[in-house]
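The next block holds one structure in the form of structure tokens; read it before the comments.
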Number of protein chains: 2
Amino acid sequence: MGRGPRWCHARFRNFGYKMTQPREIILDVLSRTKKHLSAEDIYIEVYKIYPGIGLTTIYRTLDILTNMEMVSRYDFGDGRSRYELISDKKSEHHHHLICLNCGKIIDYNDYIDEETKLFDKLEKVLSEKHNFKINYHHVGFYGLCDKCKSTTSS
Amino acid sequence: MGRGPRWCHARFRNFGYKMTQPREIILDVLSRTKKHLSAEDIYIEVYKIYPGIGLTTIYRTLDILTNMEMVSRYDFGDGRSRYELISDKKSEHHHHLICLNCGKIIDYNDYIDEETKLFDKLEKVLSEKHNFKINYHHVGFYGLCDKCKSTTSS
DNA sequence: CTCCTAAATGATAATGGTTTTCATTTTCAA
DNA sequence: TTGAAAATGAAAACCATTATCATTTAGGAG
Ligand SMILES: [Mn+2]
Ligand SMILES: [Mn+2]
Ligand SMILES: [Zn+2]
Ligand SMILES: [Zn+2]
């Protein structure tokens with residue numbers, strides 16, 4: 001059930017894309033972290049093992065992966081997009097807590113079952129009522145993290 | 001219970017800000033629409049009744065209003081932030097359906113009570129577990145709208 | 001395996017939303 | 001009315017992302 005290079009190769013082909021070394025390495029970098037990396041973060045990581053890489057390719061690949069829905073793109077409000085590999089394991093589905101002060105992100109999946117249940121119902125109701133094909137949803141709670149709660153002067 | 005200029009004046013003062021004509025007009029523009037306006041959209045509207053306005057002031061005021069949590073800032077993926085006045089009427093709380101193809105936004109509040117109930121519980125659990133002060137949450141369903149569902153070739 | 005062509009890449013320049021700067025104007029409390 | 005602090009707007013700077021285009025690569029046909 002893992003996502004080896006072979007699995008990805010097939011998947012890329014199904015979407016009419018070729019599998020390339022940069023794409024494989026980008027996926028590898030994404031799969032080795034739990035962080036929410038920016039395009040430049042990814043560039044820096046890929047560069048370490050493939051110094052020929054260009055930032056443009058990072059952006060293009062992330063676009064493709066986002067459209068293939070293998071990657072989620074987020075805007076947490078710090079002026080750059082952040083990316084995260086979508087797990088195929090349902091148990092790893094999660095939502096986010098975002099600190100408005102320092103940008104810290106926490107993944108949580110407490111009560112995720114209840115959320116999922118409600119969202120399944122909602123997606124059904126909403127897609128019928130508004131004639132909408134729903135592909136995915138994003139949920140974020142914004143506030144102040146542990147540290148910033150005590151630190152912030154404001 | 002409305003938000004007249006008097007109410008806003010006081011509110012601004014409470015946050016240590018002065019009430020000014022540009023700020024009043026920006027709030028007025030926001031309160032007269034149900035759309036999700038970009039900074040430039042707002043600039044264009046304000047300009048009609050106050051041609052001295054500068055785009056910079058729009059951005060600065062939106063920042064303040066966002067921090068005061070009178071306005072929500074969204075990124076729906078079209079490359080610019082979009083803003084919406086937060087209603088004081090609880091019944092007008094809503095979440096979003098976002099079309100990935102044409103950018104159409106639908107406000108919905110079907111089942112919003114159930115969502116609210118779940119989110120209240122979640123906010124309690126999460127803030128305790130992660131020592132997080134939660135100020136607000138954003139929920140968005142992404143997919144294809146009525147028109148784009150039939151139109152899109154992909 | 002070798003060729004061939006469409007697709008992918010990367011260096012570079014361009015784009016465009018947002019922020020910074022700074023001289024001028026406005027607010028509002030004394 | 002007055003003065004200091006805050007707010008404003010024109011202009012320049014910033015910087016994440018996208019477009020361009022010459023070169024390279026992937027991968028199927030033969
Ligand atoms: Mn995450
Ligand atoms: Mn809305
Ligand atoms: Zn923080
Ligand atoms: Zn649409």
Side-chain angles (χ1 to χ4, degrees), chain A residues 5-6 8-29 36-68 71 73-83 103 154, chain B residues 5-6 8-27 29 36-68 71 73-83 103:
Chain A
R6 202 113 314 272
C8 290
H9 198 287
R11 194 148 168 75
F12 268 80
R13 265 221 314 271
N14 288 342
F15 275 84
Y17 297 117
K18 295 177 176 174
M19 177 46 83
T20 67
Q21 212 173 336
R23 286 172 182 176
E24 230 175 276
I25 299 173
I26 289 167
L27 274 167
D28 197 57
V29 164
H36 306 84
L37 301 177
S38 68
E40 195 181 357
D41 291 339
I42 295 167
Y43 172 78
I44 290 168
E45 287 307 307
V46 173
Y47 185 91
K48 290 176 184 168
I49 44 184
Y50 188 89
I53 194 67
L55 186 53
T56 313
T57 298
I58 305 287
Y59 277 106
R60 277 189 294 230
T61 302
L62 288 169
D63 258 7
I64 288 171
L65 290 170
T66 301
N67 288 329
M68 288 166 70
V71 159
R73 183 212 308 269
Y74 293 100
D75 172 22
F76 292 133
D78 65 343
R80 74 210 66 198
S81 293
R82 295 189 169 273
Y83 303 84
S154 162
Chain B
R6 204 116 307 278
C8 290
H9 198 286
R11 196 149 167 74
F12 268 80
R13 265 220 315 270
N14 287 343
F15 274 84
Y17 297 118
K18 294 176 176 174
M19 176 47 81
T20 67
Q21 213 173 336
R23 287 173 182 176
E24 229 174 275
I25 298 173
I26 289 167
L27 274 167
V29 164
H36 306 83
L37 301 176
S38 67
E40 195 182 355
D41 291 338
I42 296 166
Y43 172 78
I44 289 168
E45 287 307 307
V46 173
Y47 185 92
K48 290 177 184 168
I49 43 183
Y50 188 89
I53 193 71
L55 186 52
T56 314
T57 298
I58 305 287
Y59 278 107
R60 278 189 293 229
T61 302
L62 288 170
D63 259 8
I64 288 171
L65 290 170
T66 302
N67 288 330
M68 288 167 69
V71 159
R73 183 211 308 269
Y74 293 100
D75 172 20
F76 293 132
D78 66 343
R80 73 210 64 197
S81 293
R82 294 188 169 274
Y83 302 85

Whole angstroms only, please: what is the CZ-P distance between Arg80(B) and dT18(D)? 12 Å
Looking only at the side chains, is there a donor atom on one of Thr66(A) and Asp63(A) sitting less than 3.5 Å from an acceptor on the other? no
Of Glu40(B) and Pro22(A), the one whose closest nucleotide on DNA chain C sits nearer the 5' end is Pro22(A)
Thr20(B) has its side chain closest, among dT17(D), dT9(C), dA7(D), to dA7(D)
Could you tell me how far apart Arg13(A) (CZ) and dG27(D) (C1') are, to the nearest whole angstrom? 9 Å
Nearest-Å distance for atom pair OH/C1', residues Tyr59(A) and dA11(C): 16 Å
Rounding to an integer number of Å, can you tell me how far Lys18(A) NZ sits from dG28(D) P? 9 Å
CD of Gln21(A) versus C1' of dA8(C): gap in Å, rounded? 13 Å
Between dA7(D) (P) and Ile26(B) (CD1): distance, integer Å: 13 Å
Would you say Arg23(B) reaches dT8(D)'s phosphate, i.e. side-chain N/O to OP1/OP2 under 4.0 Å? yes
Reckon Thr56(A) has a side-chain N or O less than 4.0 Å from the OP1 or OP2 of dT9(C)? no
Would you mind reading off the distance between Ile64(B) atom CD1 and dT18(C) atom P, rounded to a whole angstrom? 17 Å
Tyr47(B) atom OH, neighbour heavy-atom count above 12 within 6.0 Å: no
Looking at Ser81(A), does any N or O in its side chain come under 4.0 Å of the phosphate oxygens OP1/OP2 on dT17(D)? yes
Comparing Tyr83(A) with Met19(A), nearest DNA chain D nucleotide closer to 5' gives the residue Tyr83(A)
Looking at every strand, decide which applies to Arg60(A) at a 4.0 Å heavy-atom threshold: base, sugar-phosphate, or nothing. base
Is it the case that the side chain of Asn14(B) and the backbone of Arg11(B) share a donor-acceptor pair, with hydrogens and angles ignored and the cut-off at 3.5 Å? no
Nearest-neighbour nucleotide for the His9(B) side chain, dC28(C), dG9(D), dA8(C) considered: dC28(C)
Walking DNA chain C from its 5' end, the first of Asp78(B) and Gly52(A) to be reached, judged by nearest nucleotide, is Gly52(A)
Can you tell me the distance, in whole Å, between the OH atom of Tyr43(A) and the C1' atom of dA16(D)? 15 Å
Using a heavy-atom cut-off of under 4.0 Å over every strand shown, decide if Tyr50(A) touches base, sugar-phosphate, or nothing. sugar-phosphate
